[in-house]
Amino acid sequence: MSKIVIVGGVAGGATAAARARRLDEDAEIVLFERGEYISFANCGLPYYIGGVITERDALLVMTEELFSSRYNVDIRSSTEVTAINRETKEVEARDTRSGKTSVESFDRLILSPGAEPFRPPVKGIDLPGVFTLRNIPDTDRIKRYVDAKMPRTALVAGAGFIGLEMVENLVERGITTTVVELTDQIMPPLDVEMAAAIENHIKSKGATVLTSTSVQGIEAADGAYQVMLQNGKGSETQQFDLVLLATGVRPETSLAASAGLMIADRGGVRVDASMATSDPCILATGDAVATLDFVSGAEGVVPLAGPANRQGRIAADNALGRRSVYKGTLCTSIAKIFDMNAASTGMSEKRLKAANIPHRVSWTHSNSNAGYYPGGEMMAIKLLFAPNDGKLLGAQIVGGKGVDKRTDVLATAIKGAMTVFDLQELELAYAPPFSSAKDPVNIAGYVAGNILMGDVEMINYRDTLDADLEKNIILDVREDEEVEENGTLDHVLHIPMGQLRDRISEVDASKRVLVLCAIGLRGYLGYRVLKHRGFDVKAIAGGYATLRHMR
């Protein structure tokens with residue numbers, strides 16, 4: 001009979017325990033959890049604080065009693081594993097309530113200790129109105145504070161997914177909220193032009209966004225908190241009633257490191273495709289491990305629930321002798337920010353550049369459903385693809401409804417090693433309330449394919465905004481009312497697309513022409529008209545819908 005000891009619950013550990021029991025009814029399974037709760041919905045925590053989730057018990061995916069009875073697992077909650085003896089194949093544990101210690105033997109050990117919030121070395125982060133958010137006790141403390149103190153102002157430090165979800169929920173509770181981000185953009189997994197649309201949306205909801213800004217210190221002052229903020233222009237002090245640190249997490253590797261297991265260069269316990277550590281009797285899973293990126297093959301740490309669940313299942317398989325492999329992490333993620341959604345899968349442009357991976361880019365803007373059917377919402381899609389064969393490398397989508405569906409399609413396409421030409425051929429579900437006959441994914445594939453086939457030459461928003469107007473003409477082919485309502489760039493030549501052929505003599509053929517439209521379609525049409533007439537011409541990728549966020 002096999003004996004499996006699991007350190008840590010939630011996504012990785014609890015999944016491993018359940019899978020192990022399904023594979024072997026006779027195995028002895030012991031699960032240690034340092035906290036009180038073995039399985040909770042940590043992704044739902046901001047929404048309980050904001051009042052969207054009204055019942056605290058809804059956050060508990062499964063209680064200890066139910067899990068233990070359903071899977072026949074010996075659960076030791078509020079018990080911290082403090083040491084691993086690899087020679088004797090034993091772990092030492094301490095009950096955090098009584099202080100009592102114990103020793104437990106194992107045949108296979110699965111580590112799933114998760115990650116801990118990164119706490120910057122800043123004076124004042126232990127003050128009572130300064131919080132981090134990682135687990136149920138954190139949530140309880142924040143919720144009690146907000147309910148009792150009714151803060152009027154809040155600072156969120158860190159504009160990643162959790163930070164921005166907290167901004168939304170604090171604003172929805174009527175709290176004037178400021179978010180600061182150390183880097184030069186919010187939502188660092190996205191490329192800057194995609195994140196800019198989310199930033200503008202957040203500002204439209206009344207929140208303040210400060211990028212390239214750090215928290216240097218926090219001091220209590222008359223029931224509030226004086227926070228020193230620093231950016232490239234200097235430092236200033238602002239007062240807030242509540243401070244939330246959402247500055248990221250780092251893998252909890254202290255137990256593994258003290259046992260002599262290999263730690264990856266970028267943090268995280270190093271594992272192979274079977275989730276085995278440098279000790280074949282010890283496996284590891286979840287936010288604590290370093291895995292390979294599916295696209296680039298680079299090693300890194302990706303704290304996401306989906307990969308943690310899959311890794312937990314694979315670790316249990318291999319612990320019980322069933323060969324199972326983890327094929328890498330695609331980093332697929334999505335966040336709801338007020339009534340806008342932002343999602344990504346695969347590699348971003350900045351990551352591709354950092355890794356020196358050749359790539360091409362396309363931007364498209366499409367409606368979530370048929371244009372004549374009410375309720376459609378626009379989405380911006382950015383594709384990253386290989387310049388030789390169009391193999392998909394990554395995608396990002398920002399917009400209203402339908403973002404999740406298209407992101408899932410593109411994530412599946414990347415996993416399947418598909419190209420942008422394959423996207424053109426996808427037969428996706430269509431009815432007017434849900435899509436158009438040519439789905440936004442199809443449209444993105446057509447545009448990317450046009451780029452590779454040489455049917456259109458694109459210029460991106462950066463080069464457009466930096467273009468020398470002595471040598472270039474920006475030709476706006478939108479209708480008069482569109483320009484009047486939405487604005488345009490400075491020093492443009494405006495000729496509506498329907499009039500371009502008749503007024504082509506107004507376009508200076510001695511200069512390069514950059515064709516601008518709303519979302520890219522008419523820019524492509526204008527490009528074809530001018531190209532056939534011998535002009536040096538490029539279409540502005542993504543149209544004014546992309547440019548307007550970057551002006």
Side-chain angles (χ1 to χ4, degrees), residues 191-194 196 349 352-353 358-366 380-390 393 419-421 424 443-480 482-484 486-551:
D191 289 320
V192 63
E193 77 279 10
M194 304 300 284
E349 186 176 9
L352 288 167
K353 287 181 176 178
H359 61 278
R360 299 291 297 275
V361 185
S362 71
W363 290 267
T364 54
H365 298 265
S366 300
I381 301 179
K382 180 177 184 177
L383 291 187
L384 293 307
F385 49 94
N388 54 343
D389 59 4
L393 303 175
T419 72
V420 297
F421 301 106
Q424 301 173 7
I443 296 295
Y446 285 127
V447 171
N450 286 342
I451 293 171
L452 288 180
M453 294 296 289
D455 292 335
V456 65
E457 296 173 82
M458 294 288 194
I459 183 170
N460 64 35
Y461 70 90
R462 304 180 196 91
D463 294 335
T464 300
L465 294 174
D466 293 337
D468 182 353
L469 296 180
E470 294 294 324
K471 300 177 181 178
N472 298 273
I473 299 171
I474 298 177
L475 173 62
D476 191 334
V477 297
R478 293 175 295 161
E479 298 300 316
D480 295 340
E482 292 177 86
V483 173
E484 292 173 6
N486 300 313
T488 188
L489 302 180
D490 296 331
H491 309 296
V492 303
L493 172 63
H494 176 222
I495 303 176
M497 182 60 219
Q499 303 174 27
L500 179 59
R501 291 177 179 87
D502 294 333
R503 297 174 57 185
I504 203 163
S505 61
E506 298 176 32
V507 183
D508 187 346
S510 69
K511 295 183 179 182
R512 184 176 65 168
V513 184
L514 312 180
V515 188
L516 174 68
C517 70
I519 60 175
L521 174 59
R522 285 169 292 176
Y524 170 53
L525 298 178
Y527 170 91
R528 297 304 300 172
V529 169
L530 293 167
K531 191 70 173 179
H532 280 302
R533 286 161 175 78
F535 283 81
D536 180 8
V537 59
K538 288 181 181 282
I540 298 175
Y544 192 68
T546 298
L547 277 173
R548 65 187 176 92
H549 295 298
M550 304 305 297
R551 296 181 62 186

In Å and rounded to the nearest 0.5 Å, what is the CG to CD1 distance from L530 to I473?
9.5 Å

Where is the tightest heavy-atom contact between N472 and A467, given as atom of each residue plus distance?
ND2-CB, 4.1 Å

Within the 4.5 Å heavy-atom criterion, are M194 and E349 side-chain neighbours or not?
no

Using the test side chain to side chain donor-acceptor pair (under 3.5 Å), find all partners of Q424 that sit at least two apart in sequence or belong to another chain.
none

One should read off an interatomic distance between W363 CH2 and T546 OG1, to the nearest 0.5 angstrom, of 7.5 Å

Please walk me through it: do V361 and K382 pass side-chain contact (heavy atoms from CB on, under 4.5 Å)?
CA-CA 7 Å; V361 185; K382 180 177 184 177; 3.5 Å; yes

Given side chains that start at C-beta, do those of M458 and V447 come closer than 4.5 Å, heavy atoms only?
yes

Side chains of Y544 and L516: closer than 4.5 Å at any heavy-atom pair?
yes

Q499 side chain to P496 main-chain N or O, any donor-acceptor pair under 3.5 Å?
no

Tested for side chain to side chain contact (heavy atoms under 4.5 Å, CB included) against S362, the lone hit among I451, I381, N450 is I451

So do the side chains of L525 and V529 get within less than 4.5 Å of each other, counting heavy atoms only?
no

With rounding to the nearest 0.5 Å, note down the distance linking CG in N388 to CG in L452.
8.5 Å

For residues N486 and R548, determine if any side-chain heavy atom of one lies less than 4.5 Å from a side-chain heavy atom of the other.
no

Could you go step by step and tell me if L475 and L500 meet the side-chain contact (heavy atoms from CB on, under 4.5 Å) rule?
CA-CA 10 Å; L475 173 62; L500 179 59; 3.9 Å; yes

Straight-line distance of D536 CG to E457 CD, nearest 0.5 Å:
7.5 Å

Take I459 and R512 through the test side-chain contact (heavy atoms from CB on, under 4.5 Å) and record every step on the way to the result.
CA-CA 11 Å; I459 183 170; R512 184 176 65 168; 4.0 Å; yes

D191 side chain to E193 main-chain N or O, any donor-acceptor pair under 3.5 Å?
no

Ignoring hydrogens, what is the shortest heavy-atom contact between V420 and G449? Give both atom names and the distance.
CG2-N, 4.0 Å

For Y527 and V537, work out which heavy atoms get closest and say how close.
CE1-O, 3.2 Å

Do H494 and D480 come close enough that some side-chain heavy atom pair is under 4.5 Å?
yes

Minimal non-hydrogen separation, A448 against L383, with atom names:
CB-CD1, 4.2 Å

Could you pull out the closest heavy-atom pair between H359 and L352, with the gap in Å?
ND1-CB, 3.7 Å

What heavy-atom pair brings A518 and E482 nearest, and what distance separates the two atoms?
CB-OE1, 3.8 Å

So if I apply the side chain to side chain contact (heavy atoms under 4.5 Å, CB included) rule between K538 and each of V515, L514, T464, which one comes out positive?
L514

Distance (rounded to the nearest 0.5 Å) between D476 CG and I474 CD1
9.0 Å

Would you say the side chain of R522 lies within less than 4.5 Å of the side chain of R478, judging by non-hydrogen atoms?
yes

Please report the interatomic distance CG(D463) to CD1(I540), rounded to the nearest 0.5 Å.
10.5 Å

Hits for salt bridge (Lys or Arg N to Asp or Glu O under 4.0 Å) against R503, two or more places apart or cross-chain, chain-then-number order -> E506

Suppose we screen for side chain to side chain contact (heavy atoms under 4.5 Å, CB included). Which residues come up paired with R528, at least two apart in sequence or across chains?
D455, Y524, H532

Check: K511 and L493 side chains under 4.5 Å, non-hydrogen atoms
no

